[in-house]
Amino acid sequence: MAAETLAALLLLADGRLPAGGHAHSGGLEPTVAAGGVHDIASLEEFLRGRATTSGAVAAAFAAAACAALTAGDTGRFAVLDAELDARTPSPALRATSRKLGRQLQRAMRAIRPHPCWAELGSRPHHPVVLGAAAAVSGLSPSAAALAAVHDAVAGPATAAVRLLGLDPFATHAVLARLGPLLDDVAADATRRAAGSPADLPASAAPLLDLAAERHATWEVRLFAS
Amino acid sequence: MLHDQNTHDRDPETDDHEHPHPHPHTDTAGVLPRTPGRGLRIGIGGPVGSGKTALVAALCRALGSEVSLAVVTNDIYTTEDADFLLRNGVLPEQRVRAVETGCCPHTAIRDDISANLEALEELEESLPGVELLLVESGGDNLTATFSRGLVHRQIYVVDVAGGDKVPRKGGPGVTRADLLVINKTDLADRVGADLSVMDRDARAQRGQLPTIFLSLTEDPGAAPVAAWVRSCLSTMD
Amino acid sequence: MRARATLATALAADGRTRVATLHSQAPLTLRLTHPKGPEPWTGHDAGAARVCVAASAAGPIGGDDYDLTVDVGAGSTLVLRDISATLLLPGPHGELSRLRTTVQVGAGATLVWLPEPVIAAHGCRHRSDIRVELGTGARLILSEQLLLGRHGEQPGSVVQHLRVRLAGRPLLNQQLAVGPGAAGWDGSAVIGDRRAIGSLVVVDPGWTEHPPEPALLGDAAVLPLAGPAVLVSALAPDALTLRRCLDTALARLAGTHGHRQPAAR
Ligand SMILES: Nc1nc2c(ncn2[C@@H]2O[C@H](COP(=O)(O)OP(=O)(O)OP(=O)(O)O)[C@@H](O)[C@H]2O)c(=O)[nH]1
Ligand SMILES: [Mg+2]
């Protein structure tokens with residue numbers, strides 16, 4: 001990665017990016033309620049599973065969208081959108097992905113104006129917007145993938161601190177331990193993003209799907225997802 | 001473009017609008033401009049239990065027949081405030097939206113306003129011609145304040161039961177809100193709060209900015225606050 | 001061991017479904033059968049074709065490579081079942097066992113496929129790929145049940161990849177990876193401590209206008225897809241609970257149409 005783009009990647013992957021992520025727990029809130037995460041060890045296993053399933057899918061689609069925009073092939077966005085729908089059986093998660101996509105698109109419109117924001121339509125999936133954001137920031141598909149898989153675990157880790165009162169140092173130590181896995185997931189996603197959209201990763205996480213559907217029925221919740 | 005052919009996982013009210021109106025958030029000055037034909041957005045913030053929802057309900061009652069209005073709530077318990085407004089028949093369901101804040105109500109109105117902007121624009125799209133949009137923040141501490149990119153005006157609500165020291169303590173809500181409301185004056189005697197001290201401290205903190213003393217139990221229509229909102233509606237600054 | 005089996009049906013002039021090709025290769029054998037057990041959609045409709053799939057008593061074993069091709073001709077109706085559960089066993093040198101299933105369901109055709117559970121024995125390494133291409137107006141019921149280990153046994157590694165396309169567009173693409181080869185698989189994001197996992201896909205062109213609502217059935221969810229289709233995703237502590245759960249979901253989803261005939265052509 002060229003040195004001048006590192007700052008752009010940090011900006012995109014920063015949890016303080018005003019794109020709505022802070023209000024989403026990535027399935028952690030309903031998982032905590034079901035007893036699935038209660039301490040640092042169970043959080044780590046949860047995040048590991050998330051990184052290799054929805055994180056891997058998001059990373060590959062972000063990388064593919066980044067490559068498509070860099071190549072000037074914005075027609076790809078529609079193909080990626082349909083493929084991502086097919087990989088997101090939970091309607092609650094499809095809605096969340098489109099909501100976060102729209103919020104990131106809104107933020108990026110102001111942060112880095114570009115015609116692609118209009119071309120993405122009104123309800124784009126989050127990984128596709130993230131990939132486009134990476135491209136517009138001068139980043140490579142591998143950086144897009146890394147930002148996506150980082151986002152997939154950093155959000156729920158922060159939510160765990162807020163919901164369970166876990167020690168923030170211990171929680172960040174988990175994220176540090178996951179680093180090599182995130183690198184692997186991003187590298188694999190980048191490799192596969194070069195192929196056909198139909199062959200992008202499709203890793204399933206049945207408990208995340210169930211958790212999202214259950215969460216969507218709650219009357220009282222702290223996080224939007 | 002990316003409009004899927006399916007209908008069942010979409011929100012029919014918000015879909016497929018290509019936003020003919022300019023997006024206010026792209027304004028580089030970072031301050032939301034008033035745009036002709038679009039509603040006035042007023043943020044209502046303040047500590048937990050100070051009477052924000054009660055004030056929103058009062059304003060809905062007072063102004064509901066004069067202007068087309070809608071409400072976004074940011075209560076930490078997503079639907080609690082929204083339910084209150086619906087239950088009391090203050091507003092019909094399609095005029096209230098709830099935004100989840102992930103345990104950080106101040107973030108959703110200040111640092112990352114994207115979800116609130118979404119909610120406001122959804123209301124604007126589903127209620128063409130809506131003139132007044134109230135955004136109630138979740139109860140928070142004295143340091144919380146609304147982003148100028150989210151609302152045109154903000155009202156900060158404190159109550160006398162929190163102690164007469166609150167205005168002296170300051171914080172951005174107390175010092176810079178366009179209107180400071182000191183609520184629950186009916187309780188002043190019982191909690192030993194000296195309203196004149198609060199008045200003096202508020203003036204010292206706020207300079208020319210207005211402060212209103214209110215008791216929503218005695219004045220359920222919040223007449224002076226409603227009058228202030230009317231005056232905001234009548235100008236385009 | 002390599003085995004290939006091919007099955008094709010066609011709609012005959014009398015409106016009944018005729019089995020046009022039935023080609024087996026041991027241990028992957030196909031047999032014509034009679035109706036048995038409850039049949040969603042098709043009832044015991046005599047006009048439908050019914051075929052049973054049988055692999056060997058134990059297997060596939062690591063190293064085995066099976067290929068199954070199913071072509072349900074336009075307008076025809078096929079009910080596919082298994083003779084018995086499948087036990088995945090490790091090969092002598094830790095090789096991968098593979099099952100590739102390629103399914104074509106022609107325009108207006110119906111496939112009901114309710115296989116028996118697949119049991120992942122300790123040490124197995126298995127990969128299953130199912131690709132389904134649905135023509136316009138085609139209907140599909142397809143379920144999968146995976147049991148991790150025999151009684152109390154730690155399971156081997158299994159990857160199940162299911163792809164369904166409808167009229168050339170992606171409808172469902174899910175790959176489940178469990179067992180020692182998959183990071184985080186037994187964490188609470190993927191399957192946790194559940195040892196029976198199942199899915200049920202129902203595609204019904206009748207849902208184009210009014211898809212079923214999402215619903216929760218205990219540890220299972222009815223997930224309406226972005227198309228006239230539903231995935232039921234179920235997790236259970238054991239095989240019996242899983243089967244009951246999928247049966248309930250199936251009755252709910254396919255029962256609403258009773259014994260409706262295939263969509264008009
Ligand atoms: N005595 C008295 N009680 C009031 C007054 N205004 C509101 N209350 C009561 O104060 C309590 C809290 O009012 P809310 O309107 O829910 O306060 P809030 O600021 O919306 O609270 P949060 O959203 O939870 O932060 C309720 O029981 C109100 O009935 C007032 O002027 N006098
Ligand atoms: Mg309130």
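Numbered from 1 within each chain, the chains take letters A, B, ... in sequence-line order.
- Neither the backbone nor the side chain of A/Ala211 comes within contact range of chain C, judged by heavy atoms closer than 4.5 Å.
- Taking every heavy atom of both residues into account, A/Ala204 and C/Val190 meet most closely at O-CG1, 4.1 Å.
- If you measure heavy-atom distances from C/Leu171 to chain A, the contacts under 4.5 Å come from the backbone alone.
- Scanning residues 173-202 of chain A against chain C with a 4.5 Å heavy-atom cutoff picks out A/Leu181, A/Ala198, A/Asp199, A/Ala202, ordered by number.
- Closest of all the heavy-atom pairs between A/Ala82 and C/Arg169 is CB-NH2, 4.0 Å.
- Only the side chain of C/Leu216 comes within contact range of chain A, with heavy atoms under 4.5 Å apart.
- When all heavy atoms of A/Arg214 and C/Gly218 are compared, the pair lying nearest together is NH2-O, 4.1 Å.
- For A/Thr31, the part lying near chain C is the side chain, with the backbone staying farther off; criterion is any non-hydrogen pair under 4.5 Å.
- A distance of 11.0 Å separates CG in C/Leu172 from CG in A/Asp85, rounded to the nearest 0.5 Å.
- For chain A, no part of C/Ala234 is nearby; none of its heavy atoms comes within less than 4.5 Å.
- By the 4.5 Å heavy-atom criterion applied to side chains, C/Leu176 and A/Pro206 are counted as neighbours.
- Taking OG of C/Ser188 as the start and CG of A/Leu47 as the end, the distance is 9.0 Å to the nearest 0.5 Å.
- Taking non-hydrogen atoms and a 4.5 Å limit, the residue list of residues 163-170 of chain A in contact with chain C is empty.
- Considering all non-hydrogen atoms of both residues, A/Arg87 and C/Asn173 come closest at NH2-ND2, 3.1 Å.
- What you find for A/Pro89 and C/Leu231 is that their closest heavy atoms are CB-CD2, 3.6 Å.
- Of all the heavy atoms in A/Glu45 and C/Gly184, the pair that sits closest is OE1-CA, 4.0 Å.
- Contacts of C/Ala177 with chain A are absent, with no heavy-atom separation under 4.5 Å from either backbone or side chain.
- Applying the side-chain contact (heavy atoms from CB on, under 4.5 Å) criterion to C/Arg194, with sequence neighbours excluded, gives A/Leu207, C/Asp219, C/Leu235.
- For residues 51-65 of chain A, the interface with chain C (any heavy-atom pair closer than 4.5 Å) comprises A/Thr52, A/Thr53, sorted by residue number.
- The residue among C/Ala183, C/Ala189, C/Gly187 with the most heavy atom pairs within less than 4.5 Å of chain A is C/Ala189.
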